[in-house]
Amino acid sequence: MKKTKLSALVVGAVMVGGLLSTWQWNVVREVIDGDTLVIGNGTKVRLVGIDAPELEHCGGIEAKGELEKLVLEKKVSLSQIKVDNFRRLLAVVKVDSRVINLKMLESGWAKWDGTTNEMGERFKNMANEAREKRLGVYSAKCRESENKDCIIKGNIEKRSGSVTGGRKFYFFPGCSEYKKTIVEKEEGEEWFCTEDEAVKAGYTKGTNCFGKVFAW
């Protein structure tokens, strides 16, 4: 093992150990967004297993508001703590006996990120329930299959474990997957009126458009 990698692991262990021994219970002084908070000693904590929309995306403000209702100025306990590759502190967060990670998934304002920790199955099931009920980001507020103004659909390829998302494609009537494509605005996907708009936003024509040209 390289020295730099070993050092990073040692730092992570010290961070986690210190938090467990000194800051097991702490008051939340700030909520940054729907999956990140700051406890009283200034430590940023990301709720493990969930992914809330960015503030500028559909549902981002609502997700932050939901997390504020659950934790702001309340004492929380942290468990299953670890440090990820970006040196972020990840944890299961509780207020009394309530698991806040699960409450955010239950509200629909956060999605399961595919994490397979010991609570992974519970996270997955709760997210599926919210999806079936079309709550939060799964509602018509953030997910659209039709738009009467601009009809080109921008779609971001889903990549497991990726923070930034995958490749961007656009589709229009005539593309084989057009009707099935949902614009998930909580992911930053969007509608376009022209192909030029889509290209300028970083999207490329879907491979299933078979050389067709958009005309509307």
**Asked** Is the closest basic N to carboxylate O distance between Lys111 and Glu187 below 4.0 Å?
**Response** yes
**Prompt:** Do the side chain of Thr204 and the main chain of Lys168 share a donor and acceptor less than 3.5 angstrom apart?
**Reply:** yes
**Message:** Is it true that Asp196 and Thr194 share a donor-acceptor pair across their side chains at a distance under 3.5 Å?
**Reply:** no
**Asked** Is Asp113 salt-bridged to Lys124, cutoff N-O under 4.0 Å?
**Response** no
**Request:** Please report the closest heavy-atom contact between Gly59 and Cys142, naming both atoms and the distance.
**Result:** N-SG, 3.8 Å
**Message:** Surrounding NZ of Lys74 (heavy atoms of other residues, nucleotides or ligands, distance under 6.0 Å), is the total greater than 12?
**Reply:** yes
**Asked** Hey, are the side chains of Val28 and Val38 touching, using non-hydrogen atoms and a 4.5 Å cut-off?
**Response** no
**Request:** Give a yes or no answer on whether the side chain of Thr36 reaches the backbone of Asp33 with a donor-acceptor pair at less than 3.5 Å.
**Result:** no
**Minimum side-chain heavy-atom gap Asn155-Val183 below 4.5 Å** = no
**Asked** Same cluster or not: are Phe171 and Val199 linked, directly or through other Ile, Leu, Val, Met, Phe, Trp or Tyr residues, by side-chain heavy atoms under 4.5 angstrom apart?
**Response** yes
**Message:** For a side-chain contact (heavy atoms from CB on, under 4.5 Å) check, start with the C-alpha distance between Thr116 and Glu121, then their side-chain angles and the critical distance, and finish with the verdict.
**Reply:** CA-CA 7 Å; Thr116 55; Glu121 196 64 26; over 6 Å; no
**Exercise: identify the closest heavy-atom pair between Leu55 and Gly60** = CD2-O, 3.6 Å
**Message:** Can a donor-acceptor pair be found, under 3.5 Å and without considering hydrogens, that links the side chain of Glu189 to the backbone of Glu184?
**Reply:** yes
**Asked** If you measure from NZ on Lys94 to CG on Asn101, what distance do you get to the nearest 0.5 Å?
**Response** 10.0 Å
**Message:** According to a hydrophobic-cluster definition based on side-chain heavy atoms being under 4.5 Å apart (Ile, Leu, Val, Met, Phe, Trp, Tyr only), do Leu72 and Val99 belong together?
**Reply:** yes
**Message:** Tell me which one of Met126, Lys133, Glu66 satisfies side chain to side chain contact (heavy atoms under 4.5 Å, CB included) with Glu106.
**Reply:** Met126
**Request:** Please report the closest heavy-atom contact between Ile50 and Ala110, naming both atoms and the distance.
**Result:** CD1-CB, 4.0 Å
**Message:** Could you report the tightest heavy-atom contact between Val45 and Ala91, atom names first, then the distance?
**Reply:** CG1-CB, 4.0 Å
**Request:** Find out whether Leu89 and Lys44 are in side-chain contact, i.e. whether some heavy atom of one side chain is under 4.5 Å from a heavy atom of the other.
**Result:** no
**Request:** May I ask you to check whether Trp191 and Glu144 show a side-chain donor-acceptor distance below 3.5 Å?
**Result:** yes
**Item:** Shared hydrophobic cluster for Ile61 and Tyr138 (ILVMFWY, side-chain gaps under 4.5 Å)
**Value:** no
**Request:** State whether the side chain of Glu197 and the backbone N or O of Cys193 hold a donor-acceptor pair below 3.5 Å, judged by distance alone.
**Result:** yes
**Any Leu47 side-chain heavy atom under 4.5 Å of Leu37 side chain** = yes
**Prompt:** Looking at Lys141 and Glu62, does any basic side-chain N land under 4.0 Å from a carboxylate oxygen?
**Reply:** yes
**Message:** For the backbone of Gly34 and the side chain of Lys64, can you confirm whether one donor and one acceptor N or O come within less than 3.5 Å of each other?
**Reply:** no
**Item:** Flag side-chain contact, heavy atom, 4.5 Å: Val95 against Val71
**Value:** yes
**Message:** Just so I know, are the side chains of Leu78 and Val92 near enough to count as touching, which here means a heavy-atom distance under 4.5 Å?
**Reply:** no
**Message:** Measuring from atom OG1 of Thr181 to atom NZ of Lys179, what distance do you get when rounded to the nearest 0.5 angstrom?
**Reply:** 12.0 Å
**Message:** A side-chain contact here means heavy atoms from C-beta on lying under 4.5 Å apart; do Lys185 and Val137 qualify?
**Reply:** no
**Prompt:** Counting only heavy atoms not in Glu56, do more than 12 sit closer than 6.0 Å to its CD atom?
**Reply:** yes
**Message:** For Tyr203 and Phe192, I'd like to know if the aromatic rings sit close, meaning centre-to-centre distance below 6.0 Å.
**Reply:** yes
**Message:** For Phe214 versus Pro173, what's the shortest heavy-atom pair and its separation?
**Reply:** CE1-CD, 4.3 Å
**Item:** Glu186/Arg143 ion pair, N-O < 4.0 Å
**Value:** yes
**Item:** Min side-chain heavy-atom separation Asp51-Arg46 under 4.5 Å
**Value:** yes
**Request:** Determine whether the side chains of Glu177 and Asn208 contain a donor N or O and an acceptor N or O closer than 3.5 Å.
**Result:** no
**Complete:** CH2 of Trp112 to CG of Leu105, rounded to nearest 0.5 Å, is 10.0 Å
**Message:** Any carboxylate oxygen within less than 4.0 angstrom of a Lys/Arg side-chain nitrogen, looking at Lys205 and Glu195?
**Reply:** yes
**Request:** Hey, could you give me the CH2/CE distance between Trp109 and Met104, rounded to the nearest 0.5 Å?
**Result:** 9.5 Å
**Item:** No-hydrogen, no-angle side-chain donor-acceptor test under 3.5 Å, Arg122 and Asn125
**Value:** no
**Asked** Considering residues, nucleotides and ligands other than Arg98, do more than 12 of their heavy atoms fall under 6.0 Å from its CZ?
**Response** yes
**Item:** Contact summary for Tyr170 and Ala198, nearest pair of heavy atoms
**Value:** CD2-CB, 3.6 Å
